[in-house]
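All chains are named by letter (A, B, ...) in the order of the sequence lines, taking the proteins before the strands, and each is independently numbered beginning at 1.
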Amino acid sequence: MARQAAAADFIRSIIDQDLASGMAERVIVRFPPEPNGFPHIGHAKSSTLNFGLAAEYKGRCHLRFDDTNPATEDQRYVDAIKRDLQWMGFDWGEHEYYASDYFETLFRWACKLILKGLAYVDDSPEEVIRGMRGTVTTPGKKSPYRNRAPEENLELFEAMRAGAFADGSRVLRAKIDMAHPNMKMRDPLMYRIRHATHYRQGDAWCIYPFYDWAHGQSDAIEGVTHSICTLEFSTNRVLYDWYLDALEIAPRPYQYEFARLNLAYTITSKRKLLHLVREGIVDGWDDPRMPTLAGLRRRGVRPQAIKTFCNSIGTTKVDSTSDSGLLEHCIRDDLNHRAPRILCVQDPLPITLTNWPEDRTEIISAPYWPHDVPRDGVRPVPFSRELLIERSDFSEKPPKGFRRLTPGGIVRLRHAYIIRCNHVEKDETGKAVRLHCEWIEGTRSGSKTTLKPKGTIHWVEAKQSLPVIVRAYNRLFNQSVPGEEFLEALNPSSLIEYKDARIEPSIADDPREQRYQFTRLGFYWRDPEHINSDLPVFICIVTLRQAIHDHPEPAQVASKVEKPDGVARPHDAQLEHQSKTATPAKNNSKSKQRSLTADEEQWLKESGLSAATGLAIYGVPAASEFLEAASEHVSRVSVGNWMANQLLPALKGAPLSSLPFGPSEFAELVQLADSGKASTHEARAVLKLMLASEGSPTKLLAGVQSSTVGDSEILSDIVGNVLSDHEDRVDAYLAGKTGLLGFFVGQVMRRTNGKADPRQTKALIEEELAGRAT
RNA sequence: UGCCCUGUAGCUCAAUUGGCAGAGCGCCUGGCUCUGGACCAGGAGGUUCCAGGUUCGAAUCCUGGCGGGGCAACCA
């Protein structure tokens, strides 16, 4: 199912092409986490993509730990990553790899580049190297060590490995181009000296490769075909290619980039998440508010919901921020048919049924599932004189549309009776402490009654219900995109604890990892971290959509909240408007045209071409000569248009001199189009043929036209067929939707494989439709 | 200010490669219902970033402009 949802995104299209062209025989991808933190929902997107690709194309996905930095990496994170990926249901078989296992190969390959004169040891201090790199707009400067002899470089590099030098005293750099417009190509660093203990390699190494040097080569070692990473690495791709080319590795992997996941009102930066953990702002990596997979798992989210979410947001190159509401929808959808409904009151308000006998307890057999979930099962629920209802289900002064209990009003108790509230008992502050209600006989669930309460509320029996703690969560941040000052955006009431909650007694016999829907509230389960506590602790996995019982945020923090009145219930986590589509200065946009140089202006004037056409031609080598030569017998404007819009784009940057034809043949083609001897469509087809082979335009046109539907009787047959096949649209057209004309023309073009003359077709259709109008 | 990526409904994405601009989520209305859920039916919501050009026809091709993101770690 989810597979089908994952339609052909740009990556799948590339893979399809590569498979079809034989560029790749099979699909080998990899998921390459660095073991320096816990995986989060963003890693879920990436791993769902990669492991999904492997499954769809019957290839494989390697798990490779990108562990080239001994300072931050740890076995603990390796374990966490493996555990979480397994939980997600991903299987990498025996293909578990570590970049650190490739250190020896990488070293050898680096020596190879040194001997080819493509890498050198630089003795410059860190700051000097940085200073000489230049800026994005200014070129860098060459290091004085840049031209060391390969033999000397090799000797030094081996000494680096042997531990002869101090940390930071030397680096190995690739020798590329210090003036390259892409800064990643300005003699990038390949190795640094770090006398540090690596969590896997111990003290075997004191030089460590950088990402760019390690990654592509690791891909190559593993035979990866498609190396899929996130957008921020797109500038690294040129370097990725350079290393592989320099090493002359074949067949080699190729890198493709997609947009990482951003989720509104949360963060997916390992650095920032680590900060929350270290500072104790959250209760560890698996705090249920964390976007980590460990946090989601503890929260009670099932991996299938995460996968559905990841597939439904798609894979593109557009940097976007997903609405957390979509994730929540996937979680609800996943749980709806698998979580039995039970009753739990989070914030109890006692009620007494004054007309119910004190010693009478009725055991109600209540179904676990609502009518629309085709599952069976019931549990006993005690009902007596003393009950508890949700405090927010009662209102003395009900707002408009309130469908719950009010003084004098009636309401249905879920699975039980209709009651009426007769009296409100209050404390000295005016707060309701107990409702005196009457039970209405004969209104038990399932029995016929003429009473029509406006709503149904949940409840529990006062004495037999079980005390529990319920923890509910609001979003961790108050800003949709927390940014660098994320600590200031923290939501002070992201955790709401209900200490006096009461739950129906049936749960005592249930498995502790059972997930429930608390009727009218949301989906819940027991916190796995407190699974054996005497007082059960329940976690809210996700609220119901438009749940009435939001988890309130204390009033005193309201002023700190972005939208003071906005109770942050997860489902209204709509993004506030982002000025993303803003295109200002709409009205006076005419003045926005680029100012032309004097030369350009002069040329444009002389050529008589429009600016758009002229600028496409101006500056292309030999183009204006070509234009002049071709314009001898045809209108210059026509030639210009054909050049700018058809010829030059088809050339894709190749020089005009590479054309198999000259200006006069081109002029002949333009002439055919101008004179009407060839339709635009035909002329384009001729151009295509001219680019691919020899032959005069007129001759080629004859070939094209021989298969043209020139016969007007045949054409009107086809027109008739199209119209009768789309009667509904004909009606719509006649009703005024004249834009449909293009659709009809298109249909005819399609049926004739583009061989009908569009003008003639259009005229025929209009004529035909005019006939039908009367 | 250089290079790379990128602009389609409130959000996330489609659009058979130039031929009716659609889906899911969200929102609204109605139906059903003993959950303000789910489900069913319907609806609103678009200058396809803007301006030109080519074309019978442009979200799609061409030119120019504007907006958003990334790149100057001995991080990945």
Side-chain angles (χ1 to χ4, degrees), chain A residues 7 34 36 66 68-69 71-72 126 129-130 133-138 140 167-168 171 180-184 186 189 191-194 208 210-211 215 231-238 257 259 264 312-314 316-323 325-326 329 332 336 341 370-373 401 403 412 414-415 445-446 453 455-458 517 519-520 544-548 571-572 574-575 577 579-586 589-590 592-594 610-616 641-642 644-646 648-649 679-680 729 732 737 739-747 749-750 758-759 761-762:
Chain A
E34 184 190 12
N36 67 347
D66 223 342
T68 57
N69 183 359
T72 54
E126 188 174 344
I129 290 180
R130 198 179 305 135
R133 189 151 17 230
T135 71
V136 289
T137 50
T138 59
D167 282 5
V171 290
H180 202 286
N182 179 343
M183 301 219 34
K184 293 274 190 244
R186 320 247 260 230
L189 276 47
Y191 279 93
R192 74 278 214 181
I193 301 173
R194 260 318 85 96
Y208 290 93
F210 283 92
Y211 166 82
H215 201 89
L231 241 33
E232 68 268 25
F233 292 99
S234 41
T235 42
N236 300 55
R237 188 180 57 247
V238 181
E257 311 91 27
S312 65
I313 54 175
T316 68
K317 303 186 79 126
V318 185
D319 182 40
S320 56
T321 301
S322 292
D323 188 341
L326 183 55
H329 170 262
R332 286 184 201 109
N336 186 28
R341 274 60 166 172
H371 61 94
D372 54 295
V373 177
R403 295 212 246 148
R412 158 81 65 187
R414 178 74 170 163
H415 301 306
S445 261
T456 301
I457 63 173
H458 57 279
Q517 184 190 111
T519 297
R520 298 211 308 137
L544 255 29
R545 180 167 159 264
Q546 281 215 329
I548 290 302
H571 70 263
D572 79 347
Q574 286 278 56
L575 303 172
H577 284 255
S579 56
K580 177 179 172 181
T581 53
T583 306
K586 196 173 174 177
S589 53
K590 242 192 154 172
K592 290 290 184 189
Q593 280 297 327
R594 177 169 76 97
S610 71
T613 304
L615 286 173
N641 284 338
W642 274 89
N645 293 302
Q646 307 298 332
L648 261 22
S679 69
T680 311
R729 298 197 166 94
K737 199 174 174 191
L740 245 21
L741 184 58
F743 166 73
F744 295 129
V745 175
Q747 289 301 309
M749 297 307 283
R750 188 158 286 175
R759 282 180 226 246
T761 304
K762 196 175 180 182

If you apply the rule side chain to side chain donor-acceptor pair (under 3.5 Å), what do you find for A:Asn182 with A:Thr235, and how did you get there? CA-CA 7 Å; A:Asn182 179 343; A:Thr235 42; 5.1 Å; no

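- B:U60 adopts an anti glycosidic conformation, its chi angle falling more than 90° from 0.
- Residue A:His180 is classed as having no contact, given no heavy-atom separation below 4.0 Å to the nucleic acid.
- Distances shown here put every side-chain N or O of A:Arg237 at or beyond 4.0 Å from the OP1 or OP2 atom of B:G70.
- Phosphate contact (OP1/OP2 of B:C27, side-chain N/O of A:Arg545, threshold under 4.0 Å): present.
- The phosphate of B:C74 has neither OP1 nor OP2 within less than 4.0 Å of any side-chain N or O from A:Arg194.
- Applying the 4.0 Å criterion to OP1 and OP2 of B:C56, one finds that A:Thr680 has a side-chain N or O inside that range.
- When the P atom is used for both B:U17 and B:C74, the distance is 48 Å, rounded to whole Å.
- Taking atom CZ of residue A:Arg332 and atom P of nucleotide B:A38, one finds them 7 Å apart after rounding to whole Å.
- With A:Arg186 contributing its side chain and A:His180 its backbone, the two residues share a donor-acceptor pair below 3.5 Å.
- Counting any heavy atom pair closer than 4.0 Å across all strands shown, A:Arg412 reaches a base atom.
- Rounded to whole angstrom, the span from the OH atom of A:Tyr208 across to the P atom of B:A76 amounts to 12 Å.
- Between the CD atom of A:Gln517 and the C1' atom of B:G37 there is a distance of 6 Å, given to the nearest Å.
- For A:Arg341 and B:U35, a side-chain-to-base donor-acceptor distance below 3.5 Å is present, hydrogens and geometry of angles not being considered.
- For the pair A:Asp323 (side chain) and A:Ala264 (backbone), a donor-acceptor distance under 3.5 Å is absent.
- Looking at A:Thr72 and A:Glu34, their side chains come closer than 4.5 Å, going by heavy atoms from C-beta outward.
- Taking atom P on both nucleotides, B:G22 is separated from B:U48 by 13 Å, rounded to a whole Å.
- Counting heavy atoms from C-beta on, the side chains of A:Asp66 and A:His215 come closer than 4.5 Å.
- The CG-C1' distance, from A:Asn645 to B:U60, rounds to 14 Å in whole Å.
- Closest to the side chain of A:Glu232, from the set B:C13, B:G70, B:U35, is B:G70.
- A close approach under 4.0 Å does not occur between any side-chain nitrogen or oxygen of A:Thr235 and OP1 or OP2 of B:C5.
- The interatomic distance linking A:Arg130 (CZ) with B:C75 (C1') rounds to 12 Å, in whole Å.
- Minimum atom distance to the side chain of A:Lys184 is reached by B:A76, of the listed B:A76, B:C62, B:C25.
- When the C1' atom is compared between B:A44 and B:U29, the two are found 10 Å apart, to the nearest whole Å.
- Contact annotation: A:Thr316 reaches the phosphate of B:C13 (side-chain N/O to OP1 or OP2, under 4.0 Å).
- Atom pair A:Asn182:CG and B:U1:P shows a separation of 20 Å (rounding to whole Å applied).
- Put simply, the side chain of A:Arg520 gets close to the backbone of A:Thr456: a donor and an acceptor are under 3.5 Å apart.
- Interface remark: the A:Asp323 side chain does not form any donor-acceptor pair with the B:G10 base, using a distance-only criterion of under 3.5 Å.
- For the pair A:Leu615 CG and B:C61 C1', the interatomic distance rounds to 17 Å; values are reported in whole Å.
- Counting heavy atoms from C-beta on, the side chains of A:Leu544 and A:Gln517 come closer than 4.5 Å.
- Between A:Arg759 and the phosphate of B:C56, there is a side-chain N or O to OP1/OP2 separation shorter than 4.0 Å.
- Searching all strands for a Watson-Crick or G-U wobble partner of B:G18 with both distances below 3.5 Å returns nothing.
- Note on A:Phe744: nothing from the nucleic acid sits closer than 4.0 angstrom, heavy atoms only.
- Rounded to a whole angstrom, the distance from the P atom of B:U60 to that of B:A9 is 15 Å.
- Contact annotation: A:Arg192 reaches the phosphate of B:A76 (side-chain N/O to OP1 or OP2, under 4.0 Å).
- Minimum atom distance to the side chain of A:Arg750 is reached by B:U16, of the listed B:U16, B:U12, B:A76.
- Not a single donor-acceptor contact under 3.5 angstrom links the side-chain atoms of A:Asp319 to the base of B:G68.
- Nucleotides B:G7 and B:C49 are separated by 9 Å at their P atoms, to the nearest Å.
- For the C1' atoms, the distance linking B:G45 with B:G36 amounts to 24 Å, nearest Å.
- A:Thr68 has a side-chain polar atom (N or O) that falls below the 4.0 Å cut-off from OP1 or OP2 of B:A76.
- Nucleotide B:C66 has B:G7 as its partner under the Watson-Crick or G-U criteria, with both atom distances under 3.5 Å.
- Across all strands shown, B:C71 forms a Watson-Crick or G-U wobble pair, both distances under 3.5 Å, with B:G2.
- In this structure, the CG atom of A:Asn336 is 11 Å from the P atom of B:C40, given to the nearest Å.
- Residue A:Asp372 is classed as a base contact, given a heavy-atom separation below 4.0 Å to a base.
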